[in-house]
Amino acid sequence: MNRLNLLLFFCLLLFFSLTSCRRPPLSITSPDPSKDTGECVILLHGMARSSDSMEKIELALTKTGYHVVNLDYPSTGEKIEILADRYLPPAIEKCEQLARTKIHFVTHSLGGIIVRRRLREKKPEKLGRVVMLSPPNQGSEVTDALKEWWLYSRLNGPAGQQLGTAPDSLPNRLGPVDYPVGIITGDTHAFFDFWLSSYFKGKNDGKVSVNRAKVDGMSDFLVVHESHPFIMNADEVISATLFFLKNGFFPNP
């Protein structure tokens with residue numbers, strides 16, 4: 001392992017964590033009344049990120065007619081079970097107040113695992129569809145390789161230790177999904193993740209392999225030429241997300 005590359009990676013991770021302007025825990029936007037679909041979408045960002053990272057897709061959803069609750073939660077401060085049971089319910093409750101019909105979820109990375117954990121325990125009565133962007137649904141080889149490094153543990157917290165690929169890791173214990181899920185994942189890495197690709201045997205986005213993004217029971221699966229940190233900002237991904245929320249499958253390539 002090149003320690004200089006490792007240090008660069010964690011410096012960039014720290015940069016992402018510290019340079020985001022924190023919003024309130026629940027950032028709520030509503031559509032123009034003439035476009036209101038009566039549906040609500042909950043957004044969950046990824047590890048060591050903030051709700052700011054989901055702002056572009058938030059704006060696209062609102063313009064399309066959705067009410068949006070963009071959840072900012074302490075992704076590196078608690079275990080996944082606590083994140084799912086303590087921080088997600090207030091967002092669901094708010095969406096239930098806003099939605100006349102359906103409640104959807106759009107997640108990035110860790111956010112997808114949090115939603116799986118919560119929906120396994122309790123589903124909203126108005127549950128609609130879920131779009132997961134680059135989710136480590138079967139864990140990540142990066143966690144396997146780096147979880148013993150003190151800096152990885154320090155920056156990613158308890159949840160970061162739970163995302164390994166072992167059969168008893170939390171993602172692999174959650175089982176199949178029994179609600180409509182569309183998964184979009186990338187097959188290229190950001191420039192600062194180039195050395196992480198050595199941990200993967202197949203295509204990956206620098207943090208999660210294409211195959212490990214899949215989950216049993218999913219409705220559709222789409223691979224795009226995007227990287228893990230930036231996939232949520234790609235126009236193609238946003239367009240496909242909107243399409244799935246409306247139709248329950250992705251558009252043909």
Side-chain angles (χ1 to χ4, degrees), residues 5-6 9-10 12-13 16-17 43-49 53-54 57 75-76 80 83-84 105-117 130-147 149 152-153 155-177 181-234 236-237 240-241 244 250:
N5 286 334
L6 184 65
F9 164 71
F10 284 117
L12 286 164
L13 183 61
F16 276 127
S17 302
L43 301 180
L44 281 87
H45 60 80
M47 181 173 289
R49 306 294 293 273
S53 67
M54 305 294 280
I57 199 164
S75 60
T76 62
I80 292 170
L83 295 173
F105 294 85
V106 175
T107 70
H108 176 229
S109 192
L110 170 65
I113 308 305
I114 292 171
V115 167
R116 281 181 62 198
R117 172 58 168 75
V130 179
V131 176
M132 299 180 180
L133 310 179
S134 296
N137 274 322
Q138 299 176 52
S140 171
E141 288 86 347
V142 172
T143 297
D144 293 343
L146 301 182
K147 66 180 180 180
W149 287 71
Y152 175 90
S153 177
L155 290 177
N156 292 295
Q161 299 293 310
Q162 296 180 281
L163 298 177
T165 65
D168 62 348
S169 71
L170 188 139
N172 287 319
R173 296 200 315 268
L174 291 176
V177 295
V181 174
I183 296 172
I184 308 175
T185 198
D187 64 0
T188 189
H189 55 75
F191 75 95
F192 48 79
D193 285 337
F194 73 96
W195 59 276
L196 290 176
S197 62
S198 64
Y199 293 122
F200 299 96
K201 295 181 179 179
K203 292 183 177 180
N204 63 87
D205 67 0
K207 299 292 195 307
V208 179
S209 71
V210 168
N211 284 334
R212 290 192 180 278
K214 298 176 180 178
V215 64
D216 289 342
M218 64 185 180
S219 305
D220 208 349
F221 188 75
L222 178 64
V223 180
V224 295
H225 197 56
E226 299 291 341
S227 64
H228 192 91
F230 306 116
I231 189 169
M232 76 293 284
N233 292 321
E236 175 188 8
V237 171
T241 296
F244 185 90
F250 293 122

Q: List in chain and number order the residues that pass salt bridge (charged side-chain N to carboxylate O under 4.0 Å, His left out) with R212, two or more places apart in sequence or in another chain; answer none if no residue qualifies.
A: E141
(Q) In the structure I gave you, are the side-chain heavy atoms of R49 and P229 within less than 4.5 Å of one another anywhere? (A) yes
For residues 159-169, which side-chain N or O atoms pair as donor and acceptor with protein atoms under 3.5 Å away, sequence neighbours left out?
from : atom 1 : to   : atom 2 : distance (Å)
Q161 : NE2    : K147 : O      : 3.2
Q162 : OE1    : I80  : N      : 2.8
Q162 : NE2    : E81  : OE1    : 3.0
Q162 : NE2    : E81  : OE2    : 3.4
T165 : OG1    : D144 : OD2    : 2.5
S169 : OG     : G164 : O      : 2.8
S169 : OG     : A166 : O      : 3.0
S169 : OG     : N172 : ND2    : 3.1

Would you compute the distance between atom [atom1] of [X] and atom [atom2] of [Y] and round it to the nearest 0.5 angstrom?
{"X": "N156", "Y": "T143", "atom1": "CG", "atom2": "OG1", "value": "7.5 Å"}
{"X": "L110", "Y": "L44", "atom1": "CG", "atom2": "CG", "value": "8.5 Å"}
{"X": "M132", "Y": "T241", "atom1": "CE", "atom2": "OG1", "value": "12.5 Å"}
{"X": "D216", "Y": "L174", "atom1": "CG", "atom2": "CG", "value": "12.0 Å"}
{"X": "I231", "Y": "E226", "atom1": "CD1", "atom2": "CD", "value": "6.5 Å"}

Residue list, side chain to side chain contact (heavy atoms under 4.5 Å, CB included) with [X], at least two apart or on another chain:
{"X": "A240", "answer": "I184, L222, F250, P251"}
{"X": "K214", "answer": "Q138, N211, M218, F221"}
{"X": "D187", "answer": "K203, V210, V223, H225"}

Q.
So, applying side-chain contact (heavy atoms from CB on, under 4.5 Å) with F105, which one of L43, V131, I114, V130 is it?
A. V130
Holding to side-chain hydrogen bond (donor to acceptor under 3.5 Å, both in side chains), I want the full list of residues that pass it with [X], two or more places apart in sequence or in another chain.
{"X": "H108", "answer": "none"}
{"X": "S109", "answer": "H228"}
{"X": "S134", "answer": "D205"}
{"X": "N137", "answer": "R116"}

Specify the closest pair of heavy atoms between [X] and [Y], including all atoms of both residues, with the distance to one decimal.
{"X": "S75", "Y": "L83", "answer": "O-CD1, 3.9 Å"}
{"X": "G182", "Y": "F244", "answer": "N-CZ, 3.2 Å"}
{"X": "V142", "Y": "G206", "answer": "CG2-O, 4.0 Å"}
{"X": "P171", "Y": "G139", "answer": "CB-N, 4.1 Å"}

Q: Start with the C-alpha gap between V237 and I57, add the side-chain angles, then the distance that decides, and say whether side chain to side chain contact (heavy atoms under 4.5 Å, CB included) holds.
A: CA-CA 9 Å; V237 171; I57 199 164; 5.6 Å; no
